[in-house]
Amino acid sequence: LSLKFGDIGNLKGLVIRFLLTSSYYQLSVQNWFSLHRLQLLYNHSIQATFNATRIHAPASYSYHCEHVSSLQRYDALLIPSSANDLSKLWEVTFTDFQIQGFNVQEGHFAYAKDCASFFSPAILMGLVMSLILLLVLAYALHMLIHLKSLDRHYECKTSPYFTQMKDNDMGDEKEPLSGNESYELQNQQFCKIYI
């Protein structure tokens with residue numbers, strides 16, 4: 001697959017060539033295509049060659065990636081083919097890159113296999129936070145299950161400071177105090193709580 005740009009500045013006849021391969025994989029029972037190599041040509045000769053890594057998709061799909069680049073900050077999917085090649089002098093970056101080498105119908109891309117990994121940093125942080133919250137919930141449930149009732153730890157005794165009243169008429173207790181009358185409190189208890 002070749003993209004021909006013609007003359008751009010002092011680059012005569014600039015061409016970007018994508019070398020695609022198709023292979024049948026028995027495990028997935030279908031054909032897959034992969035971008036094998038990227039070549040930059042100008043002045044009618046190959047000037048730079050990059051090996052492509054991890055750029056592949058089922059043959060009936062297209063491949064899409066936000067950045068396909070030779071730069072490390074974009075995960076460097078394009079690797080210079082050799083140390084002696086002029087590709088070290090080039091920095092190649094495709095933004096919103098989408099390619100489909102085979103089975104193109106009506107000039108439109110098929111469904112795209114995206115290059116985004118399943119375990120991005122955001123997804124990993126979400127999984128870690130979910131695990132922490134799950135541990136906190138399990139600890140809280142464990143504490144609730146092993147919570148003991150305080151009724152078992154009460155020990156009630158009759159207070160020695162108050163003497164019990166004789167069985168007098170209960171109506172006397174409800175009358176207001178007048179003059180020098182005094183009453184003793186009946187059945188006073190105190191409790192100790194053991195924790």
Side-chain angles (χ1 to χ4, degrees), residues 1-139 141:
L1 178 66
S2 295
L3 299 177
K4 298 181 180 180
F5 294 95
D7 297 341
I8 298 177
N10 59 355
L11 302 177
K12 304 296 181 190
L14 176 64
V15 176
I16 299 176
R17 184 183 295 163
F18 300 94
L19 300 174
L20 300 161
T21 59
S22 178
S23 303
Y24 180 77
Y25 291 99
Q26 290 183 347
L27 189 62
S28 63
V29 195
Q30 62 181 338
N31 286 322
W32 283 63
F33 81 89
S34 59
L35 177 59
H36 182 62
R37 189 171 287 144
L38 174 98
Q39 294 176 336
L40 297 174
L41 296 88
Y42 63 90
N43 297 335
H44 306 292
S45 63
I46 297 173
Q47 299 296 322
T49 303
F50 295 90
N51 292 328
T53 60
R54 304 190 314 263
I55 300 177
H56 47 77
S60 58
Y61 286 46
S62 65
Y63 175 86
H64 176 265
C65 198
E66 190 64 33
H67 293 100
V68 171
S69 176
S70 62
L71 302 175
Q72 287 298 325
R73 69 176 173 224
Y74 295 125
D75 200 21
L77 295 175
L78 301 174
I79 310 295
S81 63
S82 69
N84 301 330
D85 195 0
L86 292 176
S87 56
K88 288 279 187 188
L89 304 174
W90 287 79
E91 291 181 353
V92 179
T93 301
F94 296 100
T95 304
D96 198 20
F97 179 81
Q98 188 166 1
I99 191 169
Q100 181 176 352
F102 308 99
N103 302 327
V104 179
Q105 296 177 356
E106 300 177 9
H108 296 288
F109 285 116
Y111 179 80
K113 176 189 177 288
D114 206 276
C115 67
S117 65
F118 291 110
F119 292 105
S120 66
I123 292 173
L124 287 176
M125 279 304 296
L127 289 173
V128 168
M129 290 305 297
S130 298
L131 181 63
I132 290 172
L133 290 174
L134 189 64
L135 289 174
V136 169
L137 178 65
Y139 179 73
L141 287 174

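FYI, side chains are in, hydrogens and waters are out, and symmetry mates aren't considered; it's all heavy atoms of this structure.
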Close side-chain approach of F50 and P80, heavy atoms under 4.5 Å: yes
Separation between OH of Y63 and CG of D114, rounded to the nearest 0.5 Å: 7.5 Å
Heavy-atom donor-acceptor pair, N51 side chain to R37 backbone, under 3.5 Å: no
Plane angle bin for W32 and H56 - parallel if under 30°, tilted between 30 and 60°, otherwise perpendicular: tilted
Spacing of L38 atom CG and L78 atom CG [to the nearest 0.5 Å]: 5.5 Å
From Q30 atom CD to S23 atom OG, the distance as rounded to the nearest 0.5 Å: 12.5 Å
Flag for T49-S87: side-chain donor and acceptor within less than 3.5 Å: no
F5 side chain near Y42 side chain, heavy-atom distance below 4.5 Å: no
Pairwise distance CG(L89) to CG(L40) - rounded to 0.5 angstrom: 11.5 Å
Nearest-0.5 Å distance, CG of residue N43 to CG of residue L14: 9.5 Å
Rounded distance (nearest 0.5 Å) linking atom CG of D75 with atom OG of S70: 12.0 Å
Which atom of S22 lies closest to which atom of N31, heavy atoms considered: OG-CB, 4.2 Å
Y24/V29 under side chain to side chain contact (heavy atoms under 4.5 Å, CB included): CA gap, chis, key distance, verdict: CA-CA 7 Å; Y24 180 77; V29 195; 3.5 Å; yes
Close side-chain approach of C115 and R54, heavy atoms under 4.5 Å: no
Contacts of R17 that satisfy salt bridge (Lys or Arg N to Asp or Glu O under 4.0 Å) - sequence neighbours left out: none
Below 3.5 Å, can you tabulate the donor-acceptor pairs from side chains in residues 91-103 to any protein atom, sequence neighbours excluded?
unit_1 : atom_1 : unit_2 : atom_2 : d
T93    : OG1    : S69    : OG     : 2.8
D96    : OD1    : H64    : NE2    : 2.6
Q98    : NE2    : S62    : OG     : 2.9
Q100   : OE1    : A110   : N      : 2.8
Q100   : NE2    : F102   : O      : 3.1
Q100   : NE2    : N103   : O      : 3.2
N103   : ND2    : A59    : O      : 3.3

Flag, side chain of T53 to backbone of L77, donor-acceptor distance under 3.5 Å: yes
Heavy-atom side-chain proximity of L124 to V128 below 4.5 angstrom: no
Within 6.0 angstrom of F109 CZ, more than 12 heavy atoms from elsewhere: yes
